[in-house]
Number of protein chains: 2
Amino acid sequence: MDVYRDLSDALTKHRVVSFLQHLKKHDLTLNQYSILSWIDQQGPALPVQLAEHLELKAASITYLVDALEQKGLVYRKPNPRDGRSHYVDHTEAGHALVLDKRNEGDDRIMSIFRAMDDEELDMLYVMMKLLRRKLFR
Amino acid sequence: MDVYRDLSDALTKHRVVSFLQHLKKHDLTLNQYSILSWIDQQGPALPVQLAEHLELKAASITYLVDALEQKGLVYRKPNPRDGRSHYVDHTEAGHALVLDKRNEGDDRIMSIFRAMDDEELDMLYVMMKLLRRKLFR
DNA sequence: TATTGTTATACTCTATAACTATA
DNA sequence: TATAGTTATAGAGTATAACAATA
């Protein structure tokens, strides 16, 4: 039990700290990054969708999109099916920033895995799948 | 590699979400909780120490300690060795709140572990220790 | 002089309310 | 009428600067 908590505390801290460093490096707030990441996965989004996903009010989305637009990471384009709204899409720079985050950290983790022997790797793979299933399904 | 990332993403999300729920339940901000938790582990702290630990300015510490004091979770007491400063210590209520967080979630995790057979538990224990050592030492 | 902590003030991010344009 | 989004404004939490008290 304590081993579980130690590991999950450490994993969590490691992940959170490296994520916050990434935000700082690119001078983004958490919600600014969330918008970029959401668009990167789901495609162009309407402000009303972003508001629901981020659990923020429409006025706050306007503020966030304005900031991302000024940084050149997103742009607004018309919604052909509804003249009241517009899609928010990412620019090349916006996409690159999210990709950069996705790949970041791989080197370190890969080198740790490479340093393990075959038996360790097999056990690890089995246990991770087991743990994941038990904990999150 | 993907199994690792899936597991660590899920663990991180699970931990972060349950932590934020705890903050909301007690109507605390992240930094208010950080002060309580730090005092609970390290004992009474000077504002200058809290400022360094939380990476905030002294004026912000004053603001946070004022808020915690109003909630009855901490109090200020004189520093006998330096008349300029004072120690911030937690009340019984402040200590109880941190303890509550430490124990929260155990029931769910324990029931998952109880549902595993001996062989699975042994493997899990060994792999968690191995992982923890490789990843964070 | 330097340091600790508080107070006054400004800035950032979010919410609420009023508004415009479109459905 | 109802909805999408913007603008104006207020509130929470942070930083900066000026200050008082002590080292």
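This one's a predicted model, so the numbers in the text were calculated from it and none came from an experiment.
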## Note on the structure
Between A:Thr29 and A:Asp82, whichever has its closest DNA chain C nucleotide further toward 5' is A:Thr29
### Comparing B:Gly83 and B:Gln32 on DNA chain D - which has the more 5′ nearest nucleotide
B:Gln32
### Query
More 5' along DNA chain D: A:Leu46 or B:Ala59, using each one's nearest nucleotide?
A:Leu46
### Query
Should the heavy atoms of other residues, nucleotides or ligands under 6.0 Å from CG of B:Asp118 be counted, would the total exceed 12?
no
### Query
Under a 4.5 Å cut-off applied to non-hydrogen side-chain atoms, are B:Leu23 and B:Thr29 in contact?
no
### Task
Could you check whether the rings of B:His53 and B:Trp38 sit parallel, tilted or perpendicular, using 30° and 60° as the cut-offs?
parallel
### Message
Check this one for me: any side-chain N or O of A:Arg76 less than 4.0 Å away from OP1 or OP2 of D:dT6?
### Response
yes
### Message
Under 4.0 Å, counting only non-hydrogen atoms across every strand here, what does B:Ser85 touch: a base, just sugar-phosphate, or nothing?
### Response
sugar-phosphate
### Query
Between A:Asn31 and C:dT14, does any side-chain N or O lie under 4.0 Å from OP1 or OP2?
yes
### Message
For A:Gln42, is the CD atom crowded, meaning more than 12 foreign heavy atoms sit under 6.0 Å from it?
### Response
yes
### Query
Quick one: B:Leu28 CG to D:dG13 C1', roughly how many Å, whole number?
14 Å
### Message
Nearest whole Å is fine: how far is D:dT22 P from B:Arg84 CZ?
### Response
10 Å
### Message
In this structure, how many angstroms lie between the P atom of D:dA23 and the CZ atom of B:Arg81, rounded?
### Response
13 Å
### Query
When all nucleic acid strands are considered with a 4.0 Å heavy-atom cut-off, which category describes A:Ile61: base, sugar-phosphate, or nothing?
nothing
#### Entry: N or O in side chain of B:Ser60 less than 4.0 angstrom from D:dG13 OP1/OP2
no
### Task
For B:Asp66 and D:dG13, give me the distance from atom CG to atom P, rounded to whole Å.
12 Å
### Message
What is the distance, to the nearest angstrom, from the CG atom on A:Leu30 to the C1' atom on D:dT14?
### Response
16 Å
### Query
Between A:Ala58 and A:Tyr63, which has a closest nucleotide on DNA chain C that is more 5'?
A:Tyr63
### Query
Roughly how many Å is it from CG in B:Leu54 to C1' in D:dA15, rounded to a whole number?
15 Å
## Note on the structure
To the nearest angstrom, the NZ-C1' distance between B:Lys24 and C:dT14 comes to 14 Å
### Query
Taking the side chain of A:Pro47 as its heavy atoms from C-beta onward, which of D:dG5, D:dT14, C:dG5 lies nearest to it?
D:dG5
### Query
Would you find a donor on one side and an acceptor on the other, under 3.5 Å apart, between the side chain of B:Lys77 and the backbone of B:Pro44?
no
### Task
Using atom CG of B:Asn79 as one end and atom C1' of D:dA21 as the other, report the distance to the nearest whole Å.
14 Å
